[in-house]
Protein chains: 2
Amino acid sequence: MVQNKKIPDSAQPGPEKQILIAAKEVFLEKGFDGARMQEIADKAALNKALLHYYYRSKEKLYRVIVKDIMDQFFPVVFGVFDETGSLSDKITRFFDLYIGFLLDNPLVPQFIIAEIVRKPEMLMEFFSGPMESGVILQLSELIDECVRKGEMRPIPTEEFLMNLISLSVFPIIAKPILMNFLEKDDKEYNELINERKRVTADFFIRAIK
Amino acid sequence: MVQNKKIPDSAQPGPEKQILIAAKEVFLEKGFDGARMQEIADKAALNKALLHYYYRSKEKLYRVIVKDIMDQFFPVVFGVFDETGSLSDKITRFFDLYIGFLLDNPLVPQFIIAEIVRKPEMLMEFFSGPMESGVILQLSELIDECVRKGEMRPIPTEEFLMNLISLSVFPIIAKPILMNFLEKDDKEYNELINERKRVTADFFIRAIK
DNA sequence: GTCTATAGCGGGATAGAC
DNA sequence: GTCTATCCCGCTATAGAC
């Protein structure tokens, strides 16, 4: 299953890019410890030695992939709230866009949770970019404004953001468990998540009214 | 950091139990691939060979720990809704209890997500117990009743349950990322989660009204 | 740049003394 | 039952031919 084709900038078609595509697939699925250089090489239809020729070590290759995944993941969260429209529109658009992205890339949030949580050092390394974008501040201002207009009750920005993300992401990363629990098959579960785009926006809007 | 002392039934104080306690700590923190038998032995202050004497293989030891973790985790989710009180009381009690448990055992949900998601076979193996308890059915009936009484709007059981769990669990498993994102230190973040016991119950109750 | 072959080691597992 | 010593495989990494 191809998870995602968005691979860095620099990479021209050729072995270097093939490696990145294969590595991303394998690391996403298996994590650092579970991934094997041999499997990446096989998937890229190349020799194992070439991986080291281009990227020196497993660790170095991994870091490239982590950066790629983080760069792709975080911008999606942001920049939805600075468009036009009512608060309800923005929230509706957020869930639609974000859950849509997660459905296309289910392994991405799981990877970030599982891997970054166990190697918090890496966070600091790759997190400066998104951090600086000032989303928190921007969101705070939006909330203030909506409260003034009476479109919502006052809610701490942290709570607003946490709930927004929790409701979107958790059903994706816990899919196997929740599937089992709710006795759904794969198709049914994905339909459920698809409905959540709408349904969760409604849920959220009611909660902040 | 001792995560949790609740270790199976059978285990008397002695090497067998020491191994389980150490193994649980290491597997919780590192996962199967990341865990080292040597580290478990060191932590249990025993020889590596003894691990194999008692549990034959890393895999076998791991299965014992997984079962222990699952057995301890799932009952907490259940059995909160069959007590007395109004719907609001039940929801408030749920978040209080569940988030409290998660704060005491932050690695447990992360472990279940990270490990079980990558070895779905294991789910089937250990999931029969909780599955059979009929929580879904029970919750459906509660919702029906509350809708009849006008205490809440009609909501699919799946949605109700997913949102309940998402709002509780996600902020715990994504702690390192959210901490960074919200620019909180460890203490501040835990306080935030503690407030969520109350605050999230309120959020949820508003959403289903 | 791309391959084959192999070094080197970490780590799970076992043999065997006590 | 508990230890030390060791086996042996799998995997990262490198040497070196082409």
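Note on naming: letters A, B, ... go to the chains in the order of the sequence lines (proteins, then strands), and numbering restarts at 1 for each one.
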Qualifying residue for side chain to side chain contact (heavy atoms under 4.5 Å, CB included) with A:Lys197, from A:Leu97, A:Leu103, A:Thr92: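 Per the side chain to side chain contact (heavy atoms under 4.5 Å, CB included) rule, the option paired with A:Lys197 is A:Leu103, out of A:Leu97, A:Leu103, A:Thr92.
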
Lys/Arg-Asp/Glu bridge criterion (N-O < 4.0 Å) met for A:Asp33, A:Arg118: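 No, A:Asp33 and A:Arg118 are not salt-bridged.
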
What is the distance, rounded to the nearest whole Å, between atom [atom1] of [X] and atom [atom2] of [N]?
X: A:Asp42; N: C:dT2; atom1: CG; atom2: C1'; result: 16 Å
X: A:Tyr55; N: C:dG1; atom1: OH; atom2: P; result: 12 Å
X: B:Leu51; N: D:dC3; atom1: CG; atom2: P; result: 10 Å
X: B:Leu50; N: D:dC3; atom1: CG; atom2: P; result: 5 Å
X: A:Asp33; N: D:dC11; atom1: CG; atom2: P; result: 13 Å
X: A:Glu39; N: D:dG10; atom1: CD; atom2: C1'; result: 14 Å
X: B:Ile40; N: C:dG11; atom1: CD1; atom2: C1'; result: 12 Å

Verdict with reasoning, A:Glu16 to A:Ile19, per side chain to side chain contact (heavy atoms under 4.5 Å, CB included): CA-CA 5 Å; A:Glu16 202 164 346; A:Ile19 291 170; 5.7 Å; no

Base-contact (B) and sugar-phosphate-only (S) positions in nucleotides 12-18 of chain D, heavy-atom cut-off under 4.0 Å, - elsewhere: BBB----

More than 12 heavy atoms from other groups under 6.0 Å of NZ on A:Lys67: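 Incorrect, the count does not exceed 12.
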
Pairs flagged by side chain to side chain donor-acceptor pair (under 3.5 Å) wherever residues 198-207 of chain B is involved - sequence neighbours left out: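 Checked against side chain to side chain donor-acceptor pair (under 3.5 Å) - neighbours excluded - the pairs reaching residues 198-207 of chain B are B:Asp202-B:Arg206.
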
With sequence neighbours excluded, residues passing salt bridge (charged side-chain N to carboxylate O under 4.0 Å, His left out) with A:Glu145: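 Salt bridge (charged side-chain N to carboxylate O under 4.0 Å, His left out) check on A:Glu145 returns A:Lys149.
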
